[in-house]
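One structure is given here, and the rest of the page talks about it.
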Amino acid sequence: MEAGGERAAQARGHVTVIEDEASISDPLRSALEREGYAVSVEATGSGGLDSVRANEPDIVLLDLMLPDLDGRDVCRAIRQTSDVPIIMLTARGLETDRVVGRELGADDYLAKPFSMAELTARIRAVLRRTGKRAAPAARSDRSTAIQIGDVVIDPATHVVTHAGAPLDLPRREFDLLHILMAHAGTVLRRNALMDKVWGADWFGSTKTLDVHIAGLRRRLGDDAQEPRYIHTVRGVGFRFSSPAELAG
Ligand code: CA
């Protein structure tokens, strides 16, 4: 059920989870509440739509396969009245990412099975991107900088530092690094990176992506064979190291 009113008032934000599988929504609720979010769980699409209208959440996690409605229809219905950030929860293997991004108005997607660390990182990244304030501390601090290991990227000032030294990055490399770091620890598909950095309408050689990755690696002093920061996941895409990997 609902988090208490007092708790919700000081929460980092209100998350509405629309997911019919309790084996997913139960641990999700626990993890998100531990992170300080107020959480509403709805097991049907229609219940989810009612909850979004009633609670005006800061973010919606939306399962694609619901018992009453298709998650895509729920996404479209939410978009008719609200610009709340939506993360779609999809089954691995379904090519929903591009469909979701281009047609439905979702902000991100996550393939099952996912780890709670992945999910909470996505939630923070989406809230950061959409300008919803994720934490009370962030409210007074306008900075949206991301630090992972000794790399810091600040989209507000467009400054990247590596071990304290500023790096001069071309715009596309900056955008690419920002997306990779915002999803640190998670593999981003080549198509998704191309869409996000160059736009969904760009039809060039995907070699361009490799050239920019190589440029980033060179500036970061990274080694493609033994990467510290940017890992190639063959046949899939790229991954920036998680904070844990770069700790210590
Ligand atoms: Ca489901």
Side-chain angles (χ1 to χ4, degrees), residues 1-3 8 11-127 129-130 132 134 182-183 185-189 191-192 195-196 233 236-237 239:
M1 274 309 298
E2 302 299 307
R12 306 182 90 183
H14 190 123
V15 183
T16 294
V17 179
I18 308 175
E19 164 66 81
D20 57 311
E21 289 158 75
S23 65
I24 292 172
S25 59
D26 286 351
L28 238 167
R29 173 200 288 281
S30 306
L32 291 171
E33 286 181 349
R34 267 199 309 279
E35 287 269 318
Y37 297 98
V39 182
S40 307
V41 175
E42 296 294 337
T44 63
S46 55
L49 286 172
D50 289 344
S51 176
V52 168
R53 270 192 291 268
N55 295 315
E56 298 184 350
D58 297 295
I59 191 161
V60 174
L61 308 182
L62 174 59
D63 182 29
L64 200 57
M65 313 267 253
L66 293 163
D68 58 337
L69 297 170
D70 188 308
R72 286 170 286 215
D73 294 331
V74 175
C75 188
R76 285 192 197 95
I78 292 172
R79 271 291 164 270
Q80 284 173 7
T81 59
S82 167
D83 62 355
V84 61
I86 300 171
I87 298 179
M88 300 285 287
L89 308 177
T90 70
R92 202 176 284 283
L94 294 181
E95 281 277 353
T96 47
D97 48 338
R98 275 167 289 165
V99 178
V100 164
R102 290 175 189 173
E103 294 176 10
L104 303 179
D107 296 84
D108 203 351
Y109 75 101
L110 196 54
K112 299 176 186 175
F114 49 80
S115 70
M116 288 303 153
E118 261 182 301
L119 178 67
T120 52
R122 293 294 182 90
I123 289 176
R124 283 194 216 102
V126 166
L127 290 176
R129 273 208 307 274
T130 56
K132 303 276 182 185
H183 295 79
T186 305
V187 182
L188 294 178
R189 293 189 204 178
N191 281 340
D195 282 1
K196 286 179 176 163
V233 182
V236 185
R239 176 176 75 79

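Counting starts at 1 for both ligands and their atoms, following the listed order. In what follows, residues are counted from 1 in the order of the sequence shown. Side chains are part of it too, since the values below use all heavy atoms of this structure and drop only hydrogens, waters and symmetry mates.
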Could you pull out the atom name of the N/O/S atom in E21 that is nearest the Ca ion (ligand 1)?
OE2

Shortest-distance N/O/S atom, D20 versus the Ca ion (ligand 1)
OD1

Please state the angle at the Ca ion (ligand 1) spanned by OD2 of D63 and O of M65: what is it, rounded to 10 degrees?
80°

Cationic N near anionic O, under 4.0 Å, D107 to R79:
yes

Regarding R29 and D26, does a basic nitrogen lie under 4.0 Å from an acidic carboxylate oxygen?
no

Using a cut-off of 6.0 Å, state whether more than 12 heavy atoms not belonging to E56 lie near its atom CD.
no

Indicate the atoms forming the closest heavy-atom contact of A125 with A182, along with that distance.
CB-O, 3.5 Å

